[in-house]
Amino acid sequence: MAWRCVHISRPARLSLKDRQIVITQGDDTIALPLEDVACCILDTPQATFSGALLSVFATNGLILTVPDDKHHPAGLLLPFHQHYAQADIIQSQISASQPLQKRLWQRIVISKINNQAAVLAARGCPKARQLQNMIGRVTSGDRDNIEAQAARFYWSHLFPDFTRGDRADRRNGLLNYGYAVLRAAIARACVAVGLVPSLGLHHASRLNAFNLADDLIEPFRPYVDQMVARHQLEPDEGDITLEDRHFMTGVLSQSALIGQETVSILTATEKIATSLVQALEHSSAALLQLPVLPTGGTTP
């Protein structure tokens with residue numbers, strides 16, 4: 001099973017040889033078994049890839065993210081219709097009833113709030129229980145938008161004097177980078193099981209190619225938040241550094257509880273995508289598995 005995330009921050013040449021990814025940087029060359037690598041995150045525009053390697057990335061479901069001029073993930077390479085049951089799974093997505101989609105979104109919101117409360121509890125916040133109590137108000141489809149109410153409460157207690165959209169606050173850069181890494185991993189997991197990332201359960205923008213990934217990312221966001229809280233506690237102006245970006249790439253190696261099993265975030269995205277297919281095929285929201293922070297909380 002793929003488990004390694006490769007972070008390329010210096011000029012490099014990448015090619016394929018004997019089912020291994022060969023990375024050459026200056027006089028140094030390393031080779032990584034293809035089956036060990038789940039994603040490759042570029043953090044430099046000075047990287048070249050052989051056509052053979054790009055082809056193998058696509059056919060084997062490896063993520064390749066490319067950066068913008070500020071080193072944030074700007075795009076990704078995903079496989080094109082590789083799953084054997086693609087047509088049947090797409091039909092399950094398209095034909096999913098509104099009540100089923102609303103129940104699935106309800107579970108996602110409950111899981112997100114539960115994990116947010118766990119982050120606060122792990123940091124010794126006395127208001128964690130108050131946040132978790134909001135779970136009981138989340139209805140099918142979250143028609144009262146408890147998710148947004150919980151978010152306002154959560155951010156005000158996680159980071160005092162913090163504004164989520166403040167670009168001058170370095171913590172927002174860390175959060176956005178971590179979320180982008182997660183989003184790519186979830187999109188990879190969706191495609192790997194035959195789901196179409198643009199067909200969401202709750203998100204439904206015509207301009208968004210990753211509506212479904214943006215649904216499923218919600219319970220995972222608190223894992224990024226927790227990492228940022230541990231890495232950078234005080235507001236700080238300026239762009240995030242290479243060390244910051246390398247640190248946030250590690251979110252895919254964090255632990256998550258899925259049922260009774262503790263797995264990496266990367267593995268958790270795969271399990272959740274697989275469970276969503278089952279939930280859609282059997283019209284049962286209860287089959288959707290969602291991550292629980294190991295620090296505590298209750299399974300939705």
Side-chain angles (χ1 to χ4, degrees), residues 100-159 162 164 175 178-179 181-183 185-186 189-190 200-203 212-230 251-276 278-279 284-300:
L100 174 61
Q101 292 183 56
K102 289 181 178 181
R103 290 194 299 273
L104 288 167
W105 180 244
Q106 177 186 24
R107 287 177 60 81
I108 288 169
V109 172
I110 289 173
S111 178
K112 178 182 182 179
I113 296 174
N114 189 67
N115 287 342
Q116 288 175 327
V119 171
L120 294 186
R123 297 187 59 76
C125 176
K127 298 290 187 177
R129 176 58 63 178
Q130 187 175 339
L131 176 59
Q132 194 168 37
N133 287 341
M134 292 187 184
I135 288 174
R137 297 161 51 197
V138 180
T139 58
S140 178
D142 190 25
R143 60 177 177 269
D144 296 322
N145 203 10
I146 302 303
E147 180 200 11
Q149 298 177 43
R152 287 193 294 270
F153 182 95
Y154 170 69
W155 288 115
S156 67
H157 289 87
L158 180 61
F159 297 134
F162 173 75
R164 179 64 186 95
L175 290 167
Y179 294 155
V181 172
L182 267 180
R183 193 178 190 233
I186 293 170
C190 289
L201 301 168
H202 177 74
H203 292 84
L212 183 58
D214 289 338
D215 288 330
L216 298 181
I217 197 176
E218 297 299 345
F220 288 99
R221 290 183 185 272
Y223 291 85
V224 173
D225 307 339
Q226 187 175 65
M227 288 183 68
V228 173
R230 291 172 175 172
V251 66
L252 299 181
S253 300
Q254 298 295 305
S255 295
L257 186 65
I258 302 291
Q260 301 300 314
E261 185 180 5
T262 300
V263 298
S264 69
I265 292 292
L266 183 63
T267 300
T269 63
E270 297 167 352
K271 288 182 173 292
I272 286 165
T274 298
S275 73
L276 177 57
Q278 296 171 345
S284 173
L287 293 177
L288 177 63
Q289 295 183 306
L290 294 166
V292 176
L293 273 163
T295 50
T298 58
T299 304

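These figures come from a predicted structure and were not determined experimentally.
Heavy-atom minimum distance, Thr262 versus Ser255: CG2-CB, 3.9 Å. Between Met134 and Ala150, the shortest heavy-atom contact is SD-CA, 3.6 Å. The nearest pair of heavy atoms linking Leu158 to Ala229 is CD1-CB, 4.2 Å. Between Ala268 and Ala256, the shortest heavy-atom contact is CB-CB, 4.2 Å. The two residues Pro219 and Leu290 have their closest heavy-atom pair at CG-CD2, 4.1 Å. When every heavy atom of Val119 is checked against every heavy atom of Gln226, the shortest pair comes out as CG2-CB, 4.2 Å.
Taking the side chain as every heavy atom from C-beta outward, Gln132 and Asn114 approach each other to under 4.5 Å. At a threshold of 4.5 Å between non-hydrogen side-chain atoms, the residues Arg164 and Leu175 count as touching. Inter-residue side-chain proximity for Lys271 and Glu261 is flagged as met; some heavy-atom pair is nearer than 4.5 Å. Counting only heavy atoms from C-beta outward, the side chains of Ile258 and Pro291 approach each other to under 4.5 Å. Between Ile272 and Phe220, the closest side-chain pair of non-hydrogen atoms falls below 4.5 Å. The shortest side-chain heavy-atom distance between Val292 and Ser111 does not fall under the 4.5 Å cut-off. Here the side chains of Ile108 and Leu288 are in contact, with some heavy-atom distance below 4.5 Å. With contacts defined as side-chain heavy-atom distances shorter than 4.5 Å, the pair Tyr154/Asp225 qualifies.
Looking only at distances, a side-chain donor or acceptor of Ser275 sits under 3.5 Å from a matching main-chain atom of Gln289. A distance-only check finds a donor-acceptor pair linking the side chain of Arg107 to the backbone of Ala285 [under 3.5 Å]. With hydrogens and angles disregarded, a donor-acceptor distance shorter than 3.5 Å links the side chain of Thr274 to the backbone of Glu270. With hydrogens and angles ignored, the 3.5 Å screen pairs no side-chain donor or acceptor of Tyr223 with any backbone N or O of Ile265. Remark: the backbone N or O of Arg221 is not paired with any side-chain donor or acceptor of Asn115 at under 3.5 angstrom. Side-chain atoms of Gln149 come within 3.5 Å of backbone atoms of Asp144 as a donor-acceptor pair (strictly under, hydrogens ignored).
To the nearest 0.5 Å, atoms CG (Leu104) and CG (Leu201) are separated by 5.5 Å. For the atom pair OG1 (Thr269) and CG (Leu266), the distance works out to 5.0 Å, reported to the nearest 0.5 Å. Going from atom CZ of Arg103 over to atom OG of Ser284 covers 8.0 Å, rounded to the nearest 0.5 Å. Atoms CD and CD, on Gln106 and Gln101 in that order, are 14.0 Å from each other to the nearest 0.5 Å. Ile186 CD1 to Leu216 CG: the interatomic distance, rounded to the nearest 0.5 Å, is 6.0 Å. The structure places NZ of Lys127 at 11.5 Å from CG of Leu131, a figure rounded to the nearest 0.5 Å.
For residues 111-153, the set of pairs meeting the ring-ring contact (aromatic ring centres under 6.0 Å, His included) definition, not counting sequence neighbours, comprises Phe153-His157.
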Problem - Step-by-step side-chain contact (heavy atoms from CB on, under 4.5 Å) determination, Ser264 to Leu252 - result: CA-CA 7 Å; Ser264 69; Leu252 299 181; over 6 Å; no
Practice task
Start with the C-alpha distance between His203 and Asp215, add both sets of side-chain angles, then the distance that settles side chain to side chain donor-acceptor pair (under 3.5 Å), and finish with yes or no.
Solution key: CA-CA 6 Å; His203 292 84; Asp215 288 330; 2.6 Å; yes
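Under 4.0 Å is where a charged nitrogen must lie from a carboxylate oxygen, and between Asp214 and Arg183 at least one such pair does.
By the side-chain contact (heavy atoms from CB on, under 4.5 Å) test, Asp142 is found to be paired with Trp105, Val109, Val138, Asn145, Ile146, Glu147, residues two or more places apart in sequence or in another chain being considered.
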